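Have a look at this one.
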Amino acid sequence: MSGTDLADAAIEWFDANARDLPWRAPGTSAWAVLVSEIMLQQTPVARVLPAYHAWLTRWPKPADLAVDTPAEAIRMWGRLGYPRRAMRLHECAVAIVARHGGEVPADLDALLALPGVGAYTARAVAAFAYGQRQPVVDTNVRRFVARASRGKADAGPTTTPADLADAEALLPVEPARAARASAAFMELGAVVCTARAPRCTDCPVVAICGWRAEGRPTPTGPTRRPQQYAGTDRQVRGLLLAVLREARGPVPGGQLDLVWADAVQRDRALRSLLDDGLVSPAGEGLFALAGEAPLPGGHR
DNA sequence: GATGCGTGGTC
DNA sequence: TGACCAAGCAT
């Protein structure tokens with residue numbers, strides 16, 4: 001079996017079964033692709049959709065966001081989670097204006113140099129926005145390739161250079177078709193070759209699937225311990241940021257004190273938000289989202 | 001390489 | 001019902 005057999009079958013299936021997602025529409029700008037990819041990092045599609053539309057309506061181009069405040073970006077992020085991504089996206093907009101004339105760069109290294117853009121996101125933009133032949137490897141592709149191509153039960157916990165090489169080996173030569181293959185692999189991993197209950201009866205590559213041939217072995221190695229949330233600093237950060245997000249301007253520290261009883265943990269969480277640059281001191285014991293413009297006439 | 005980083009949905 | 005999950009990145 002050759003790698004392109006997998007790609008050909010995946011693309012044929014994708015052409016007939018792909019979800020109609022807005023960032024896949026022909027003519028979608030590279031900026032819109034970048035926004036979608038950042039939002040989709042660890043956040044489900046269903047929750048991204050409304051935020052994606054709202055974000056691009058307000059900031060259709062990087063330059064539109066670059067002249068607005070980080071605070072507005074954090075506020076517009078809403079409850080997508082991991083709000084550092086909002087700040088990084090704002091930093092991206094500033095960098096794109098400063099370094100690339102307001103156009104999202106097509107060069108992989110230039111993309112990788114943008115804040116919050118890593119191996120996955122950079123290649124996703126290069127492939128999906130610019131039609132380049134790049135291995136686009138996220139958790140779905142890793143799982144699909146590990147199973148279908150290598151017959152393994154699952155992919156490893158983190159993306160390795162070997163994962164990129166494995167994925168690239170499956171890509172058709174022609175760049176636009178390679179990009180489509182990557183989208184097809186992602187889609188298959190997301191909706192058919194899922195982590196928990198793979199729907200092999202609906203899979204277009206079942207006949208040539210290594211995992212199927214091996215009898216669908218179950219994962220054996222150690223799994224990553226599921227992340228705790230309740231009672232963690234993360235939860236406290238979320239509560240603090242929610243107050244600042246919903247306020248119009250700077251908030252007295254005393255108001256933040258109400259969200260969590262443990263002062264030690266609360267202070268640690270607030271300090272980490274300050275360290276991350278998500279929150280700024282606003283004088284007189286006030287705190288605000290980063291770059292928040294002071295209210296006209298002061299805070300009283 | 002292991003951790004920290006949000007939030008809400010699912011079974 | 002609470003463990004587990006959902007298109008990663010930075011450190």
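A quick note: this is a predicted structure, and the numbers were derived from the prediction, not measured. Chain naming here is simple, since letters A, B, ... match the order of the sequence lines and numbering starts at 1 in each.
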### Message
Quick check on DNA chain C: between A/P115 and A/V45, whose nearest nucleotide comes earlier from the 5' end?
### Response
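This one resolves to A/V45.
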### Query
Just checking A/R79: base, sugar-phosphate only, or nothing, at a heavy-atom cut-off of under 4.0 Å?
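The residue A/R79 makes sugar-phosphate contact but no base contact.
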#### Entry: Atom pair distance, as rounded to whole Å: CZ in A/R85 and C1' in C/dG8
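That distance rounds to 9 Å.
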### Task
Classify the nucleic acid contact of A/T121 as base, sugar-phosphate or nothing, counting any heavy atom under 4.0 Å across all strands shown.
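Sugar-phosphate, backbone atoms only, no base.
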### Query
Of the residues in residues 238-247 of chain A, which ones touch DNA chain B at a heavy-atom distance under 4.0 Å?
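Output list: A/G238, A/R245.
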### Query
Under the criterion side chain to side chain contact (heavy atoms under 4.5 Å, CB included), which of A/R84, A/E91, A/H90 is the partner of A/P115?
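When side chain to side chain contact (heavy atoms under 4.5 Å, CB included) is applied between A/P115 and each of A/R84, A/E91, A/H90, only A/E91 qualifies.
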### Task
Between A/L112 and A/N140, just flag the one whose closest nucleotide in DNA chain C comes earlier from the 5' side.
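Of the two residues, A/N140 wins.
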### Task
May I ask you to say what A/A46 touches in the nucleic acid, namely base, sugar-phosphate or nothing, with a heavy-atom cut-off under 4.0 Å?
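Counting heavy atoms under 4.0 Å across all strands, no contact is made by A/A46.
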### Task
Dump the intermediate steps for side-chain contact (heavy atoms from CB on, under 4.5 Å) on A/W59 and A/E72, then the final yes or no.
CA-CA 11 Å; A/W59 299 303; A/E72 283 309 293; 4.2 Å; yes
### Query
Across the strands shown, which category fits A/S36 at heavy-atom distances under 4.0 angstrom: base, sugar-phosphate, nothing?
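Touches nothing.
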### Message
For B/dG6 and A/R237 - does any side-chain N or O of the residue sit under 4.0 Å from the phosphate oxygens OP1/OP2?
### Response
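Looking at the OP1 and OP2 atoms of B/dG6, one of them is under 4.0 Å from a side-chain N or O of A/R237.
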### Task
Starting at atom CE of A/M39, determine the distance to atom P of B/dG6, rounded to an integer number of angstrom.
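So the two atoms are 16 Å apart, to the nearest Å.
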#### Entry: Spacing of A/M76 atom CE relative to B/dG6 atom P, expressed in whole Å
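Checked: the CE to P distance equals 20 Å.
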### Message
Do A/W13 and A/I11 land in one hydrophobic cluster if side-chain heavy atoms of ILVMFWY residues count as linked below 4.5 Å?
### Response
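No, it is not one cluster - the side chains of A/W13 and A/I11 are not joined through contacts under 4.5 Å.
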### Query
Should A/R88 and A/D276 count as an ion pair when the cut-off is N to O under 4.0 Å?
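Judged by the 4.0 Å cut-off on N to carboxylate O distance, A/R88 and A/D276 do not form a salt bridge.
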### Message
Rounding to an integer number of Å, can you tell me how far A/D138 CG sits from C/dC5 C1'?
### Response
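My rounded result for the distance is 14 Å.
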### Message
I need the CZ-P distance between A/R268 and B/dC5, as an integer number of Å.
### Response
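Computing the A/R268:CZ to B/dC5:P distance gives 9 Å.
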### Task
Under 4.0 Å between any heavy atoms, over every strand shown, what does A/W23 touch: base, sugar-phosphate, or nothing? Just pick one.
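Base contact.
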#### Entry: Spacing of the C1' atoms in B/dA2 and C/dA7 (rounded, Å)
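Going atom to atom, C1' in each nucleotide, I get 22 Å.
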### Query
Can you tell which of C/dC9, B/dC5, C/dA7 lies closest to the side chain of A/E37?
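Nearest to the side-chain atoms of A/E37, counting from C-beta on, is C/dA7.
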### Query
Could you state the CG-P distance from A/L40 to C/dA6, rounded to the nearest angstrom?
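These atoms are roughly 14 Å apart.
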### Message
Counting only side-chain nitrogens and oxygens, does A/R196 get under 4.0 Å of the OP1 or OP2 atom of B/dC11?
### Response
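Indeed not, no polar side-chain atom of A/R196 lies that close.
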### Nucleotide C/dA7, atom P - distance to CZ of A/R123 in whole Å
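After rounding, the reported distance stands at 19 Å.
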### Query
Just how far, in rounded Å, is P of C/dC9 from CG of A/L80?
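That distance rounds to 16 Å.
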### Task
Test for a donor-acceptor pair under 3.5 Å between the base of B/dT7 and the side chain of A/R47, counting only N and O atoms.
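Indeed there is one.
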### Query
With a 4.0 Å cut-off on heavy atoms, is A/I38 in touch with a base, just the backbone sugar-phosphate, or nothing at all?
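Answer is nothing: A/I38 stays at 4.0 Å or more from every strand.
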### Task
For A/V141, report the nucleic acid contact type (base, sugar-phosphate, nothing); a contact means any heavy atom under 4.0 Å.
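Counting heavy atoms under 4.0 Å across all strands, no contact is made by A/V141.
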### Message
Quiz question: by atom type and distance under 3.5 Å, do the side chains of A/Y120 and A/E37 form a donor-acceptor pair?
### Response
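Yes.
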### Query
Does C/dC9 have OP1 or OP2 sitting under 4.0 Å from an N or O in the side chain of A/Y82?
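For A/Y82, the contact criterion (side-chain N or O under 4.0 Å from OP1 or OP2 of C/dC9) is not met.
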### Task
Any chance you could lay out the side chain to side chain donor-acceptor pair (under 3.5 Å) test for A/T160 and A/D163, step after step, and finish with the verdict?
CA-CA 5 Å; A/T160 65; A/D163 292 328; 3.3 Å; yes
### Task
Please answer: with hydrophobic residues joined when any side-chain heavy atoms are less than 4.5 Å apart, are A/V136 and A/Y130 in the same cluster?
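Looking at the clustering, A/Y130 is in the same group as A/V136.
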### Query
Any side-chain donor-acceptor pair under 3.5 Å between A/T43 and A/R85?
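Distance-only check passes for A/T43 and A/R85.
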### Query
Between A/Q42 and C/dG8, is there a side-chain N or O to OP1/OP2 distance below 4.0 Å?
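So the side-chain polar atoms of A/Q42 do come within 4.0 Å of the phosphate oxygens OP1 or OP2 of C/dG8, strictly under.
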### Message
Show, in sequence, the C-alpha distance, side-chain angles and deciding distance for A/D267 and A/W260, and conclude whether the side-chain contact (heavy atoms from CB on, under 4.5 Å) test is met.
### Response
CA-CA 10 Å; A/D267 289 346; A/W260 198 255; over 6 Å; no
### Task
May I ask you to say what A/L278 touches in the nucleic acid, namely base, sugar-phosphate or nothing, with a heavy-atom cut-off under 4.0 Å?
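Nothing, no heavy atom under 4.0 Å.
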#### Entry: Base B/dG6 paired with A/T43 side chain (donor-acceptor, <3.5 Å)
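Such a pair exists between side chain and base.
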